[in-house]
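Inspection log for the structure reproduced underneath, given as structure tokens.
Worth saying up front: this structure is predicted, and the values here are computed from it rather than measured. Positions are given from 1 along the sequence.
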Amino acid sequence: MNNQIFYFFYNFAHQSNFIDELIIFLANTLPYFVVFFAILYLLAISPAISRTYGYTLDRFKEIIFVFFTASFAWFLSYLFKNLFLIRRPFEVLSDIIPLLYEKGFSFPSGHATFFMALTFFIFLFHKKIGSLFIFFAILIGLARISLGVHYPQDIFAGFILGIFIAYLFKFLYNFLSKLPKQGFGN
């Protein structure tokens, strides 16, 4: 089943230059836009659009938590890759010519893990925009399959790991937010 789903998405590649460029854009360029717009969104949001000292600190705290969550998830995926040692589809299946070559092992996908952790953490606090970010994370994951560098199981495992880490860090974020605030001179 994993190979059948893989071939379904991989068969979009090598059909036309436009589609190949679109797949490459979704897999390798869109991630930069997602990060940029996540930062931009998190800096811009405010219920009262106030620019108080507390607002600024809260925004930066949320941005730091979002990206620490995603980075921690990516690091875990890297550890799992070196634990499971699953080779990439183009290394195993002789008829696969990837649109771009990737090094290292494939399971779980670091891109899928990072972007699902990032976007799902945003979703947990900001449902509407978070849904749009999750859509972009899914596009990135499916494009990585179409590139020929990941199996569906790599992407799915990355999504699950990213969601799990996002929930874990949301719990940590809420816990830390409830602690008494200590300022200078206290």
Side-chain angles (χ1 to χ4, degrees), residues 9 25-84 102 104-147 149-182:
F9 287 103
F25 172 81
L26 293 173
N28 281 3
T29 306
L30 180 61
Y32 293 105
F33 283 103
V34 170
V35 168
F36 175 75
F37 285 117
I39 292 170
L40 196 63
Y41 174 76
L42 292 170
L43 282 173
I45 58 172
S46 171
I49 311 295
S50 66
R51 294 289 175 200
T52 63
Y53 179 71
Y55 165 78
T56 304
L57 282 180
D58 286 345
R59 294 289 60 90
F60 283 118
K61 182 173 76 173
E62 189 173 350
I63 290 170
I64 288 168
F65 244 86
V66 164
F67 285 96
F68 185 78
T69 300
S71 297
F72 182 78
W74 176 85
F75 177 73
L76 268 180
S77 76
Y78 179 78
L79 292 178
F80 286 141
K81 282 178 189 266
N82 290 296
L83 178 68
F84 292 111
E102 293 281 336
F105 298 105
S106 69
F107 182 88
S109 165
H111 279 80
T113 305
F114 177 90
F115 285 100
M116 189 53 75
L118 179 124
T119 61
F120 199 77
F121 191 88
I122 292 171
F123 172 80
L124 291 172
F125 291 93
H126 313 281
K127 300 289 188 233
K128 287 183 182 178
I129 195 73
S131 298
L132 180 63
F133 278 116
I134 288 173
F135 172 74
F136 290 134
I138 292 168
L139 279 179
I140 292 166
L142 296 177
R144 306 284 298 166
I145 298 169
S146 295
L147 276 179
V149 298
H150 280 293
Y151 292 105
Q153 70 186 14
D154 306 339
I155 302 301
F156 184 71
F159 287 165
I160 297 301
L161 181 58
I163 290 168
F164 174 76
I165 297 300
Y167 268 121
L168 180 68
F169 276 81
K170 179 189 186 260
F171 173 79
L172 181 62
Y173 181 88
N174 288 341
F175 174 77
L176 292 175
S177 294
K178 291 177 184 172
L179 291 177
K181 299 195 185 329
Q182 296 293 323

Atom pair CD1 (I63) and CG (L42), whose distance is rounded to the nearest 0.5 Å: 5.0 Å
H126 ring center within less than 6.0 Å of Y41 ring center: yes
Backbone of W74 reached by a side-chain donor or acceptor of S77 within 3.5 Å: yes
Whether F114 and F67 hold their rings parallel, tilted or perpendicular, with breakpoints at 30° and 60°: tilted
Geometric class of the H111/F115 ring pair [parallel <30°, tilted 30-60°, perpendicular >60°]: parallel
Over all atoms of both residues, closest heavy-atom pair of D154 and S106: OD2-OG, 3.0 Å
is_close_aromatic(F121, F169), centroid dist under 6.0 Å: no
Within 6.0 Å of OH in Y167, more than 12 heavy atoms from elsewhere: no
More than 12 heavy atoms from other groups under 6.0 Å of NZ on K128: no
OG1 on T113 to CD1 on I155, rounded to 0.5 Å: 8.5 Å
Heavy atoms of other groups near F25 CZ, more than 12 under 6.0 Å: yes
ring-ring contact (aromatic ring centres under 6.0 Å, His included) between F123 and F120, intermediate numbers included: CA-CA 5 Å; F123 172 80; F120 199 77; 5.5 Å; yes
Distance (rounded to the nearest 0.5 Å) between L139 CG and L26 CG: 5.5 Å
Considering all heavy atoms, the nearest T119-A137 contact: OG1-CB, 3.6 Å
Residue pair Q153 / F107: nearest heavy atoms and the distance that separates them: O-CE1, 3.5 Å
T69 OG1 to I122 CD1 distance, which is reported to the nearest 0.5 Å: 10.0 Å
Near-ring test F136/F33, centroid separation under 6.0 angstrom: no
